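Notes to accompany the following structure.
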Amino acid sequence: MFPHFFTASDGLRLAYYIDDNTDPWANAPTLLMLHAAMGCAERFYAWVPMLSRHYRVLRPDLRGHGNSATPPVDSAFGIDRLMKDTLELMDSLGVASAHVVGNSAGGYIGQNLAMAYPDRVKSLILFGSTPGLRNSQAATWVPRIAKDGIRKFLMDTIADRFVPGTDPRKIEWFVARAAECDPAYIGRFVSHMASQDWSDKLGAIKCPTLLVIPGAETVGSITNYDVMRERIPDVQLIAYEGLPHNIGEAAPERCAEDVLAFLRWRFGQPSPPLHVAQPH
């Protein structure tokens with residue numbers, strides 16, 4: 001599928017995808033999917049067939065990622081700008097509110113949207129996404145990426161992302177797509193996220209929230225998720241035991257199934273339940 005494009009308020013050209021295989025008469029809700037740092041919307045390729053049958057799936061490429069343009073080095077950057085991009089995209093498509101799925105850094109945007117713009121977020125579904133990266137080793141990535149480049153950095157740390165025995169073709173695709181990002185911009189992106197910690201604000205997330213955590217988390221400590229379980233008022237937690245950080249790539253079908261199960265439980269959609277034969 002080819003991307004669509006829109007122009008953000010600061011003039012940057014940003015890409016997005018829409019996948020909608022719902023019944024034409026259903027007026028299906030929008031499911032907004034936000035990818036991780038050094039990622040792109042295409043990383044959700046294995047999730048989309050299941051999700052797009054029941055939801056209008058909207059997948060942007062964050063600025064500086066995928067098919068979106070890289071901002072100038074002197075431009076303002078932060079989570080506020082990433083939130084603004086997301087809201088401007090939603091506004092351009094007439095999306096008043098959406099269920100938000102955030103993978104890693106995409107979840108940072110989702111969390112902040114839910115806190116600052118609660119009327120725009122129907123539910124929040126987080127995969128491997130803590131309240132910022134201040135309490136992690138992410139800051140140490142920046143000089144390594146600057147020195148060695150994204151490809152070498154990822155290959156040297158691939159055990160932090162995938163379990164042994166992962167198809168090497170999958171790893172090559174993952175690394176090659178990430179290496180298309182500008183290393184200097186990724187340094188800015190990661191440095192900013194590594195300076196952030198909004199643990200004290202988590203109580204402002206009022207929407208139904210699903211927190212899916214990697215049982216063998218490799219980006220920071222798994223204890224970073226404890227504060228989310230304690231402070232988000234309406235939260236359900238699932239652990240994928242034995243999996244490292246990149247659960248979205250390691251178990252995409254499982255992730256999509258859990259998204260659908262959570263939304264069915266909390267919102268009655270999709271209905272009827274998947275894989276259940278209906279009586280004649």
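Just so it is clear, the values below take in all heavy atoms, side chains as well, and ignore hydrogens, waters and symmetry mates. It should be emphasised that the depicted structure is a prediction, and the values quoted were computed from it without experimental measurement.
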Do Val235 and Met228 touch side chain to side chain, with heavy atoms closer than 4.5 Å?
no
dist Ser123:OG -> Leu210:CG (nearest 0.5 Å) comes out at 9.0 Å
Any heavy-atom pair between the side chains of Cys207 and Lys122 that's under 4.5 Å?
no
Does Lys170 NZ have over 12 foreign heavy atoms under 6.0 Å away?
yes
Donor-acceptor check, side chain of Asp20 to backbone of Thr22, threshold 3.5 angstrom: yes or no?
yes
For the residue pair Thr130 and Leu133, what are the closest heavy atoms and their distance?
OG1-CD2, 4.4 Å
Does Phe262 offer a backbone N or O that forms a donor-acceptor pair with the side chain of Gln236 under 3.5 Å?
no
Please check: side-chain N/O of Ser129 versus main-chain N/O of Asn103, any donor-acceptor pairing under 3.5 Å?
no
Atom of Gly242, atom of Val163 and distance for their closest heavy-atom approach
O-CG1, 4.1 Å
How about Phe44 and Tyr17: are their ring centroids closer than 6.0 Å?
no
Are Ile18 and Phe5 linked, directly or through other ILVMFWY residues, by side chains that come within less than 4.5 angstrom of each other?
no
State the CG-CD1 distance between Leu211 and Ile232, to the nearest 0.5 angstrom.
6.5 Å
Salt bridge check: are Arg188 and Asp182 linked by an N-O gap of less than 4.0 Å?
no
Check whether any side-chain N or O of Arg53 sits under 3.5 Å from a backbone N or O of Asn21 as a donor-acceptor pair, and report yes or no.
yes
By side chain to side chain donor-acceptor pair (under 3.5 Å), Asn224 pairs with (sequence neighbours left out) none
Whether Ser97 side chain and Arg120 backbone form a donor-acceptor pair below 3.5 Å
no
Answer yes when Arg81 and Asp85 have at least one side-chain N-carboxylate O distance shorter than 4.0 Å, and no when they do not.
yes
If you define the side chain from C-beta out and look only at heavy atoms, does anything of Ile186 sit under 4.5 Å from His65?
yes
Whether the side chain of His192 engages the backbone of Val190 through a donor-acceptor N/O pair (distance < 3.5 Å, no angle test) should be reported.
no
Between Thr218 and His245, do the side chains contain an N or O donor and an N or O acceptor separated by less than 3.5 Å?
no
With a 4.5 Å limit on heavy-atom distance, are the side chains of Leu93 and Leu89 in contact?
yes
Do Pro208 and Trp265 touch side chain to side chain, with heavy atoms closer than 4.5 Å?
no
Does Arg134 reach the main-chain N or O of Ala194 with its side chain, forming a donor-acceptor pair under 3.5 Å?
no
Do the non-hydrogen side-chain atoms of Asp61 and His35 ever get within less than 4.5 Å of each other?
yes
Counting only N and O atoms by type, is there a donor-acceptor contact under 3.5 Å from the side chain of Tyr185 to the main-chain atoms of Arg63?
yes
Is it true that atom CG of Asp23 has more than 12 heavy atoms of other residues, nucleotides or ligands lying nearer than 6.0 Å?
yes
May I ask you to establish whether Arg254 and Tyr240 are in a cation-pi arrangement, using a distance under 6.0 Å from NZ or CZ to the six-membered ring centre and at most 45° from the ring axis?
yes
Quick test of your reading of the model: are Lys152 and Asp156 salt-bridged, counting only N-O distances below 4.0 Å?
yes
Might you point out which heavy atoms bring Ile171 and Phe162 nearest each other, and give the distance in Å?
CG1-CD1, 4.2 Å
If you compare all heavy atoms of Ala256 against all heavy atoms of Leu51, which two are closest, and at what distance to 0.1 Å?
O-CD2, 3.8 Å
Quick one: closest heavy-atom pair of Pro143 and Ala139, and the distance?
CD-O, 3.5 Å
Closest heavy-atom pair and its distance - Cys40, Gly66
CB-CA, 3.8 Å
Would you call Asp234 and Arg266 a salt bridge, taking side-chain N to carboxylate O under 4.0 Å as the test?
yes
Ring-plane angle category for Phe77 and Phe189, please: parallel below 30°, perpendicular beyond 60°, tilted otherwise.
tilted
Angle between ring planes, Trp141 versus Phe153, binned at 30° and 60°: parallel, tilted or perpendicular?
tilted
Connected via hydrophobic side-chain network under 4.5 Å: Tyr117 and Val95
yes
